[in-house]
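Please read these numbers as outputs of a predicted model, since none were measured by experiment.
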Amino acid sequence: MDRSSLFQLIQEQLDPDQTGFVAVENFTSLVQHHELQLDPSKLDMLFALVHANERGQICYQELIELLTSKRSSSFRKAIANGRRTLQREILLDETGLGVYKRFVRYVAYEILPCETDRRWYFHQNRLCPPPVFMAIITIIQIVVFMCYGVMLNKWVLQTYQPDFMKSPLVYHPGHRAQVWRFFSYMFMHVGLEQLGFNALLQLMIGVPLEMVHGILRISLLYMAGVVAGSLTVSITDMRAPVVGGSGGVYALCSAHLANVVMNWAGMKCPYKLLRMILALVCMSSEVGRAVWLRFSPPLPSSGPQPSFMAHLSGAVVGISMGLLILRSYEESLQTQCSWWVLVFSFITFLLFAVFWNIFAYELLGVQIPPPP
């Protein structure tokens with residue numbers, strides 16, 4: 001029996017008055033009678049939902065959403081925050097798993113703070129679509145860096161080479177009319193150390209986040225950090241260029257770290273305190289290195305060195321917009337008032353930055369170094 005026929009049978013036989021609820025005893029007999037094979041995790045969640053209902057009934061709409069792998073907000077609240085927890089053993093006790101499923105379980109414990117959400121993600125995870133966004137971004141960054149490294153025969157401090165700064169990908173205030181530079185600068189990097197740091201974080205944190213929260217949400221967060229980074233530099237450090245994907249990287253990392261801190265008791269990733277300290281030290285060191293290169297360049301240069309403000313603005317995007325995205329696993333963002341407040345705030349910032357770039361440079365008489 002296919003699902004559409006089952007849904008029609010449930011409504012006709014078990015809810016003929018269309019009350020919107022089905023008694024759990026009747027549904028159990030129906031499942032056994034028609035030999036319907038359900039995922040054990042779905043059965044667990046179904047009965048947990050039933051016990052969360054005072055009358056021991058199943059909401060018809062929530063039943064349909066469960067069987068079609070969709071979770072409504074009321075379903076999530078009844079399971080994750082209800083008066084009854086799931087009865088099966090915790091996910092760590094699962095045995096006989098293959099390599100991929102063990103990796104999925106590892107990702108679940110790295111990213112999600114709730115055991116119910118971890119089990120739901122584990123059983124619902126599919127390899128298609130794969131987490132391709134962060135992988136593609138990282139590959140492009142490596143290829144671009146290798147091309148310029150070979151062309152310049154220089155692998156560190158590439159920004160001191162005039163030919164590097166002539167790239168159409170670098171954001172330079174003298175070329176701010178070329179809108180694509182506000183995005184494309186993320187493919188260029190100062191040197192091997194910056195590329196290695198960003199690529200490592202993108203793969204270690206970005207890929208698991210994309211696996212759990214999906215390509216749309218994580219790509220939105222990453223690109224929001226990138227755009228906010230270049231626009232913030234154009235406002236606060238008006239003479240400086242920008243290179244590197246640090247705006248997007250810091251948006252992902254700060255969102256994840258903030259989510260871990262706010263759900264500290266629920267996060268079960270090993271050595272979380274040590275890893276938190278190491279992450280903060282590494283991120284702070286990268287910002288310190290960028291500040292040093294900006295104000296105390298070790299080599300003579302023809303103009304200002306890349307700004308560090310993209311790091312900070314990316315962190316702000318992660319703590320605000322990113323934290324809300326990561327806390328809304330399997331929940332609709334469009335129904336949350338706080339999401340629209342953040343979207344409105346971000347759009348307001350974008351409009352302000354656009355007008356600033358059009359008018360402020362001339363009104364303030366900023367002496368922009370000649371573009372390469």
Side-chain angles (χ1 to χ4, degrees), residues 133-173 175-176 178 180-207 219 222-234 237 240-254 279 282-299 301-315 317-318 371-372:
F133 175 76
M134 295 311 309
I136 291 175
I137 291 294
T138 304
I139 291 173
I140 295 176
Q141 290 172 341
I142 293 175
V143 170
V144 170
F145 177 79
M146 294 293 293
C147 291
Y148 278 92
V150 172
M151 181 178 67
L152 302 174
N153 193 26
K154 192 176 181 66
W155 304 96
V156 295
L157 301 179
Q158 292 183 346
T159 53
Y160 291 89
Q161 297 290 326
D163 289 338
F164 179 87
M165 298 305 291
K166 291 179 181 179
S167 170
L169 302 178
V170 173
Y171 167 81
H172 189 281
H175 291 307
R176 65 186 185 280
Q178 299 174 356
W180 71 83
R181 291 177 181 261
F182 286 91
F183 300 87
S184 62
Y185 78 93
M186 68 180 180
F187 298 117
M188 306 290 288
H189 287 82
V190 173
L192 187 61
E193 70 287 351
Q194 186 189 26
L195 173 66
F197 179 81
N198 287 348
L200 183 65
L201 291 181
Q202 285 173 178
L203 296 178
M204 290 185 62
I205 296 180
V207 170
S219 61
Y222 186 89
M223 295 307 300
V226 168
V227 175
S230 55
L231 291 177
T232 300
V233 171
S234 70
D237 199 359
V242 189
V243 296
S246 298
V249 170
Y250 274 64
L252 295 178
C253 293
S254 55
C282 291
M283 293 172 66
S284 301
S285 300
E286 171 62 17
V287 174
R289 185 196 65 86
V291 173
W292 170 64
L293 292 177
R294 174 67 179 91
F295 294 111
S296 300
L299 297 174
S301 60
S302 58
Q305 286 299 293
S307 176
F308 59 91
M309 291 302 298
H311 299 71
L312 304 182
S313 60
V317 170

Over all atoms of both residues, closest heavy-atom pair of [X] and [Y]:
X	Y	answer
Thr232	Ser313	OG1-CB, 3.3 Å
Ala240	Val233	O-CG1, 3.8 Å
Gly314	Ser254	O-OG, 3.9 Å
Pro173	Arg176	O-NH1, 2.8 Å
Gly225	Ala251	CA-CB, 4.1 Å

Handout entry: Whether His311 and Tyr250 hold their rings parallel, tilted or perpendicular, with breakpoints at 30° and 60°
Key = perpendicular

How many angstroms lie between atom [atom1] of [X] and atom [atom2] of [Y], to the nearest 0.5 angstrom?
X	Y	atom1	atom2	answer
Glu286	Arg289	CD	CZ	4.0 Å
Ile142	Cys147	CD1	SG	12.0 Å
Leu192	Gln158	CG	CD	9.0 Å
Leu200	Leu195	CG	CG	10.5 Å

Any heavy-atom pair between the side chains of [Y] and [X] that's under 4.5 Å?
X	Y	value
Val227	Phe183	yes
Tyr222	Val249	yes
Val190	Val156	no
Met186	Met223	yes
Leu201	Leu252	no
Asn198	Ser246	yes

Those residues that, when tested against [X], pass ring-ring contact (aromatic ring centres under 6.0 Å, His included) (two or more places apart):
X	answer
His189	none
Phe197	none
Tyr185	none
Trp155	Phe145

Taking side chain to side chain donor-acceptor pair (under 3.5 Å) as the test, write out the residues that go with [X], two or more places apart.
X	value
Thr138	Gln202
Arg294	Asp237
Arg181	Gln178
Ser234	Asn357

Exercise for the section: Could you tell me whether a side-chain N or O of Gln194 sits under 3.5 Å from a main-chain N or O of Gly244, the two making a donor and an acceptor? Expected result: no

Practice task
Examine distances only and state if a side-chain atom of Trp292 and a backbone atom of Pro298 form a donor-acceptor pair shorter than 3.5 Å.
Solution key: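 No, because the side chain of Trp292 does not come within donor-acceptor range (under 3.5 Å) of the backbone of Pro298.
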
So, using side-chain contact (heavy atoms from CB on, under 4.5 Å) as the criterion, who are the partners of [X] when residues are at least two apart?
X	result
Val291	Val287, Phe295, Phe308
Ile136	Val132, Ile140
Met165	Thr159, Val170, Pro241, Pro372

Exercise for the section: Would you indicate whether Met151, at its atom CE, is surrounded by more than 12 heavy atoms from other residues, nucleotides or ligands within a distance under 6.0 Å? Expected result: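 Enclosed: over 12 neighbouring heavy atoms sit under 6.0 Å from CE of Met151.
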
Exercise for the section: Please lay out, stage by stage, how Ile137 and Phe187 fare under the test side chain to side chain contact (heavy atoms under 4.5 Å, CB included). Expected result: CA-CA 8 Å; Ile137 291 294; Phe187 298 117; 4.2 Å; yes

Handout entry: Pairs touching residues 160-170 that satisfy side chain to side chain donor-acceptor pair (under 3.5 Å), sequence neighbours left out
Key =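 Applying side chain to side chain donor-acceptor pair (under 3.5 Å) to every pair that reaches into residues 160-170, excluding sequence neighbours, yields Tyr148-Ser167.
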
